[in-house]
Amino acid sequence: MLLEKRKKLMLVFLIAGSVLGISLTFYFYQVFFSANTLVESDQPYLLKIPSNSVYKNVVDQLYEERVINDAVSFGFVAKILGYQEAVKPGLYQIDPKMSNLQLVRMLRSGQQTPVRVTFNTIRTKEDLAEKISANLEVSKEQFLELLQDSVYIRKYGFEEETIMSLFIPNTYEFWWDTSAEELFERMHKEYQIFWTDARKQKAQDLGLSQQEVSTLASIVQAESQKSDERPKIAGVYLNRLRIGMPLQADPTLVFAAGDFSIKRLTAKQMAIDSPYNTYKYPGLPPGPINLPDINSLDAVLNFQKHSYLYFCAKEDFSGYHSFAVGYDEHLNNARRYQRALNAANIY
């Protein structure tokens, strides 16, 4: 009789243990593998984890933004996989219906989503700092501080006046938490990639350094938005440099004045005492007056050979220019353009 009771009791324990085991197995399966992110959404979420963040910052943001449905199960998996002590900063794309296991593994391993950074049409260092840092953790102020740090930029072979030459306008991919120093290092590598042996040889053939090519390209770019005309304009300035004639480039005066709204120069602006006043001082100015793009840089390196020494905007406001070999011809072109400006009330 006692033996029968023991058998029944063991059977009860076995059944209870089996039920408990099945329940626990099902629970753990749910915790690890069931969908726990954006369960009511079909759009991904971009999670930004700032540098020096701790686990609580991450889980609070995920729960408050309703990215995870169950913070307790997420925390359990994070604890088991050691993520609570291994938070990595960065930008992470969290897709709908991810499991805790998928999410924790992604965050723990630092599988960031890259950020595309595009910068062009840049005039000043402030413009560059704002554009390049717009979608990154680094602030405009942090990057601008390095741009203006003469000791730091000399490590890369540049001065305060020429540092803009380092940056080749394009679209690049960065990690969101890239530091200002890492940005500089990456841009230096891109600069080295751009300046191939062929391009270096062309600059040498012109008698210009790479930085001087950038400076001239910035003037050419400011003179014309028509990419097909830039090699011709570059040829004019190279002709002037070759014979020692002042560049007399209006955009350099606009830069010296610090007023990019100027559409028509006055005698006052022509008299500005600045190394960027190419009417007053011969040769190239100290550095670029904007951030020349690849088209402008190549326009200088592949300039059009001709005898023109002058050019003037066409009176039809097409954006193209009239070119002249002699000064008298140039004056006639200039008068036509000035009459068009007057007629359009542009002063």
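For this chain, numbers begin at 1 and follow the sequence in order. Everything numeric in this text was worked out from a predicted model, so none of it was measured.
Other members of the cluster containing Val39 do not exist, because no ILVMFWY side chain is joined to it at under 4.5 Å.
Within the structure, ring-ring contact (aromatic ring centres under 6.0 Å, His included) contacts touching residues 196-235 (residues at least two apart or in different chains) do not occur. The list of salt bridge (Lys or Arg N to Asp or Glu O under 4.0 Å) pairs with a residue in residues 229-251, not counting sequence neighbours, reads Arg230-Asp293. For residues 163-179, every residue pair satisfying the salt bridge (Lys or Arg N to Asp or Glu O under 4.0 Å) rule, not counting sequence neighbours, is listed here: Arg116-Glu173.
Residues that satisfy the ring pair (Phe, Tyr, Trp, His ring centres under 6.0 Å) test with Phe255, not counting sequence neighbours, are Tyr276. Under the rule for a side-chain contact (heavy atoms from CB on, under 4.5 Å), the partners of Ala324 that lie at least two apart in sequence or sit in another chain are Tyr310, Glu329, His330, Asn333. Under the rule for a salt bridge (charged side-chain N to carboxylate O under 4.0 Å, His left out), the partners of Asp298 that lie at least two apart in sequence or sit in another chain are Arg199. By the side-chain contact (heavy atoms from CB on, under 4.5 Å) test, Ala271 pairs with no residue at all, sequence neighbours left out. When the salt bridge (charged side-chain N to carboxylate O under 4.0 Å, His left out) test is applied to Glu160, no partner is found at least two apart in sequence or on another chain. Contacts of Gln102 classified as side-chain contact (heavy atoms from CB on, under 4.5 Å), with partners at least two apart in sequence or in another chain: Met98, Ser99. With sequence neighbours excluded, no residue forms a salt bridge (charged side-chain N to carboxylate O under 4.0 Å, His left out) with Asp70. Residues passing the salt bridge (charged side-chain N to carboxylate O under 4.0 Å, His left out) test with Glu137, sequence neighbours excluded: none.
Glu190 has a carboxylate O that lies under 4.0 Å from a charged side-chain N of Arg186, or vice versa, which qualifies the two as a salt bridge.
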